[in-house]
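Labels below follow one simple rule: chain letters A, B, ... track the order of the sequence lines, proteins then strands, and each chain is numbered from 1. Bear in mind the structure is a predicted one, so any value in this text is a computation, not a measurement.
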Amino acid sequence: MFVARSIAADHKDLIHDVSYDFHGRRMATCSSDQSVKVWDKSENGEWHCTASWKTHSGSVWRVTWAHPEFGQVLASCSFDRTAAVWEEIVGESNDKQRGLSHWIKRTTLVDSRTSVTDVKFAPKHMGLMLATCSADGVVRIYEAPDVMNLSQWSLQHEISCKLSCSCISWNPSSSRAHPPMFAVGSDDSNVTYGGKVQIYEYNENTRKYSKAETLMTVTDAVHDIAFAPNLGRSFHVLAIATKDVRIFKLVPLRRESTTTGPTKLEVQIVAQFDNHNSQVWRVSWNITSTLLASSGDDGCVRLWKANYMDNWKCTGILKGDGSPLTGSSGQPSAMSTVVGSSIQTSQNALNGMSPPTDKAVGLTLTRCKELGFCPPAAGCVCGAGGVFLLMHVKRDVSTYLM
Amino acid sequence: MGFAWGPGDILVYETQNKASGPTGSGCAFIHVVRKDEDIYSPILRKLFNESHHIFVGLQTIKDDLPSKSKKPQFVSISRNYRSVIRACMEELQQAAVSANDTDMATQYGNQVSILLAIELIWNLCEVLFIDAAPAGSLLLHLLDWVRLHKSDVDEKAKGVLQSDSPAEHRDYWDVVLSYVLQGRLEDTRKMLMKQAMLQPAAKSMYKLMDSLLSKMPFYNPGGTQTLTEFDVKWRNWHEEVDRYLKDNSFASNQHLEVICKILLGDEDVLLEHKELLSTWYYFLITRLLYCHPTVKPTELHYYAQSSMMMFLDSGVPEPLDSILLAAFEFDIHQVIKDCSIALNNWWFVAHLTDLLDHCKLLQSHNLHFGSNLREFLLLEYASGLFTHHSLWQCAVDYFDHCPEFGRVYLELQIERVPLDTERKALKVLRICEERQMSEQVRSICKIMAMRAVRNNRLGSALSWSIRAKDAAFATLISERFLQDYCAKGTFSDLDLIDNLGSTMLLSDRLTFLGKYREFHKLYGEKCFSDAAKLLLSLMTAKIAPQSFWMTLLTDALPLLEQKEVIFSAEQTYELMYCLEELTSSLITAASGSGRPMQEEDVEVTKVEMLRLALARNLASAIVKEGTMQT
């Protein structure tokens with residue numbers, strides 16, 4: 001793991017959100033400076049800012065891309081109590097030459113009375129739909145019935161969650177067996193208010209969303225929430241960022257044909273990590289949901305991975321500047337330690353014993369094994385090496401500090 | 001701290017969350033963090049590409065063949081993998097030498113050493129697991145393994161032989177001993193000959209050593225000799241060597257005495273030559289050669305462990321040591337596990353595990369999750385490849401050979417492949433179509449159609465939406481085509497519209513577009529009566545949207561004005577009926593909206609002209625039809 005490049009974002013205030021488009025060739029950033037910037041990746045992998053404009057009259061919390069089937073469409077939400085939908089206009093050739101693109105506001109969604117804390121497009125099989133949640137505890141679902149006319153959005157559902165909402169996530173499953181579902185998290189810190197994560201499901205008969213489950217065990221403020229890509233499974237996997245990182249499995253129970261209520265879900269906790277040792281602000285899955293990333297107030301992004309026996313482990317840590325944590329040797333890559341790190345004369349490395357002075361990292365690894373941080377012996381495979389090793393180095397450093 | 005996942009990268013940005021105070025500095029940077037750097041190395045790309053072919057070849061080996069006949073195939077596949085590694089290694093080595101900046105040189109050097117380790121491990125696994133040589137030939141294979149990977153002896157020997165007086169070279173005895181340690185007795189004898197010539201006085205001693213060396217029996221797996229016969233022969237030889245040592249035949253020459261002791265497998269003497277042995281596993285093989293030449297696979301672990309203990313003394317084993325030890329212990333799972341932890345890429349574990357799985361070695365170990373481990377590693381490896389702009393095409397085949405999750409992974413990954421160009425989109429599309437991934441096919445076409453519409457490339461948009469079988473979108477684009485026609489009076493993308501064929505049935509509007517274009521073609525070819533018939537049917541069969549009727553009727557004008565009568569009386573009646581229907585609906589519509597007078601006037605004149613033309617045509621048609629009847 002390494003920092004490929006750093007980009008000067010040039011926002012005048014804190015960045016709150018960065019999001020990749022579906023293909024990973026564009027990204028959008030939003031900030032407290034009330035603006036959104038769009039970046040395009042050039043042939044040689046450089047990122048160029050191709051648009052930057054003022055979007056709201058308050059901090060912009062989140063920015064998100066619609067599926068490219070709907071064109072180049074962004075949604076943003078803000079402290080100014082609105083969410084907005086933006087569409088890129090294919091500009092004059094003049095603009096293109098200068099590497100600029102033009103985004104126009106298609107609609108402003110003004111139904112919320114308080115700060116809109118999150119906005120997410122629904123899975124594409126549901127059409128062009130988006131959900132917003134706001135500090136007053138209301139989830140709103142909007143739909144654009146005509147995908148060629150993004151200025152018309154109708155408010156389809158208004159769901160009151162009773163608690164101030166901070167984050168929302170759609171269940172991406174497109175299986176017919178799974179009705180539309182979303183999870184909403186609350187950052188209300190009063191633990192006596194009970195579960196801070198609620199799951200809502202769409203009911204075909206009533207044509208309404210109703211609560212399917214509240215995760216009663218999550219009583220602390222929730223900052224982010226993310227359903228994992230489904231992979232054709234019958235159950236759902238949900239990651240939650242609260243005072244720690246948690247992964248839940250939601251198993252739909254077989255429904256009797258006579259009942260019309262929402263699907264009952266069996267909630268199982270799969271993993272819980274307090275390694276951040278602080279509030280966790282973000283959780284997010286990679287494409288195939290084999291890796292979960294989380295970030296916290298400890299200034300680190302941690303990567304979590306399940307081995308093939310479904311045991312979750314930390315496989316990497318990134319510091320605030322994006323660099324992986326390294327040991328005293330300062331070697332960011334791991335394999336060199338396998339064969340002894342100084343390998344200028346490569347034949348030596350294997351044929352000869354590696355020089356004793358370079359064993360530092362290798363030693364760290366073995367020592368940690370004794371401490372029991374390593375995967376259990378039962379044929380466990382966890383993480384592509386480099387990262388894994390680095391975690392051990394980190395643990396070791398911290399024991400020195402104590 | 002915040003972050004976002006990309007296909008291969010993670011974006012990390014600094015942020016201050018609500019709890020802490022203002023930082024003042026604002027925030028400056030977003031960092032792009034990459035997971036797997038190896039993929040971006042141009043030389044390692046060859047490794048990925050070539051091993052992909054071997055992998056695909058391996059998957060096609062039939063399951064139903066008896067395992068006996070498959071073994072040589074597996075061994076040769078294993079060798080192929082290794083030769084790819086070797087080729088890459090050589091290329092990297094050259095790159096490292098020719099690299100002009102030291103950073104690059106170190107990077108290449110690191111990669112070479114990783115590949116060396118991989119090849120070493122793989123070779124051992126091949127000997128122990130895949131070839132699974134029985135006692136006797138096992139040792140021969142292990143000796144080959146040592147000789148292949150400890151080739152620095154040859155370098156040294158070259159230096160010695162090229163000097164003016166090889167026998168007096170300072171490395172001379174090192175080379176001789178190294179040869180003995182590796183069991184290269186022919187080479188040893190040749191070397192000793194040079195020394196013997198210099199010392200005529202000790203000629204008999206050298207002659208004795210030469211005969212001992214030449215007499216040492218080696219097992220011949222192809223021959224008729226049984227293992228027991230070989231064992232007896234070997235023991236006799238051993239006793240003979242021992243006798244000469246005891247009667248001090250070599251006492252006057254310390255070098256020869258050391259050789260003699262090595263031939264007897266004296267462990268203390270061996271350990272005195274750690275420098276030449278360099279690692280515990282080479283020590284192990286030498287020890288086996290001179291003490292237990294008929295070692296059985298099942299006994300290996302015992303000798304391996306003790307050799308490692310003796311050799312490392314109180315030293316701590318490094319990851320590579322543990323991996324090799326696990327291999328000697330035949331603990332395949334431990335080997336794979338340790339390799340995945342120690343290596344920074346999945347290439348090695350994925351391919352090795354796959355091969356071992358084909359050899360049915362994982363199932364026998366644990367039937368429950370054997371094939372899952374293989375799939376897990378292959379999925380990891382292939383997912384890594386997918387982030388690369390061209391290697392993703394190899395990854396597709398890996399996913400194809402993962403029965404459980406391969407398809408879902410492929411579905412998720414392939415729709416994320418950036419569709420930079422139409423060519424690339426077609427490539428991705430073909431892969432999806434071959435696998436009947438209809439949802440992905442639809443999505444890709446839709447994305448392309450949407451993009452084309454946004455760029456006003458209507459023809460391309462139409463063909464993509466036809467491929468996506470997206471009726472609504474096809475309608476929308478057909479509408480655009482017609483609008484364009486109304487505005488400009490010409491059609492663009494004629495080829496496409498002319499060749500719609502049965503696909504025009506996808507949507508009503510598309511059908512109309514196709515048929516309307518057909519009318520223009522007929523008209524252009526002066527097939528007036530066919531054109532007239534078609535035009536009329538477009539309206540009477542309600543294929544044409546009413547909003548377009550006026551245009552159609554206007555198109556009928558020149559036909560009506562022809563000298564020849566084209567529309568029959570009956571057809572003219574129908575046209576008139578259409579016109580009336582249209583004007584009556586227009587009147588109701590116009591009464592609501594306040595259209596500008598001028599536009600209204602144009603419409604009215606048009607209608608008047610049509611009425612006149614229709615009436616005149618009717619007249620001539622009746623006359624014509626009447627005259628024909630009589």
Side-chain angles (χ1 to χ4, degrees), chain A residues 1-9 11-15 18-20 22-25 68-69 71 90 148 229 231-232 281-282 284 286-288 293 295 297 299 301 308 318 320-322 333-336 338-339 343-344 346-347 349-353 362-363 366 379-381 384-386 388, chain B residues 1-7 9-17 26-35 37 109-110 112-114 116-117 120 150 152 278 316 318-320 333 336-337 340-346 372-373 376 383 405 408-409 412-413 416 418 443 446-447 450 454-455 476:
Chain A
M1 189 153 323
F2 65 110
V3 180
R5 51 172 52 86
S6 296
I7 307 152
H11 273 289
K12 293 184 182 61
D13 209 332
L14 288 176
I15 298 177
V18 171
S19 91
Y20 269 109
F22 187 73
H23 291 122
R25 305 304 301 261
E69 278 184 18
V90 180
M148 294 310 287
L231 298 181
W281 292 97
R282 278 298 168 88
S284 162
N286 69 347
I287 297 173
T288 48
S295 71
D297 271 343
V301 173
Y308 68 103
L318 296 165
D321 59 1
S333 110
M335 183 55 201
S336 47
V338 171
V339 276
I343 316 179
Q344 281 73 11
S346 50
Q347 289 282 332
L350 269 178
N351 297 335
M353 289 286 289
L363 274 171
T366 26
C380 163
V381 174
F388 205 82
Chain B
M1 279 291 291
F3 66 89
W5 273 111
D9 316 332
I10 312 174
L11 287 177
V12 173
Y13 53 96
E14 292 166 57
T15 173
Q16 212 73 43
N17 274 301
C27 66
F29 287 99
I30 297 171
H31 307 283
V32 180
V33 181
R34 273 217 180 120
K35 263 171 63 192
E37 56 187 311
N110 282 341
V112 169
S113 67
I114 293 169
L116 264 173
L120 180 80
K150 197 159 161 36
D152 58 342
S278 76
V316 180
E318 291 188 33
L320 183 61
H333 280 262
I336 294 168
K337 181 194 144 188
S340 345
I341 293 174
L343 296 164
N344 60 354
N345 67 57
W346 294 100
N372 268 342
L373 175 63
F376 175 84
S383 301
F405 282 114
V408 200
Y409 269 59
L412 284 172
Q413 295 279 9
R416 303 270 178 170
S443 186
K446 186 127 197 225
I447 291 170
M450 186 56 122
R454 280 163 34 85
N455 290 312
L476 194 135

Atom group of A/Pro229 that falls short of 4.5 Å from chain B, counting heavy atoms: side chain
Distance (rounded to the nearest 0.5 Å) between B/Tyr409 OH and A/Ile287 CD1: 11.5 Å
Gap between atom CE of A/Met148 and atom CE of B/Met450 - 0.5 Å precision: 5.0 Å
Nearest heavy-atom neighbours spanning B/Ser443 and A/Glu69: OG-OE2, 2.6 Å
For B/Val408 against A/Leu231, the heavy-atom pair lying closest together: CG1-CA, 3.2 Å
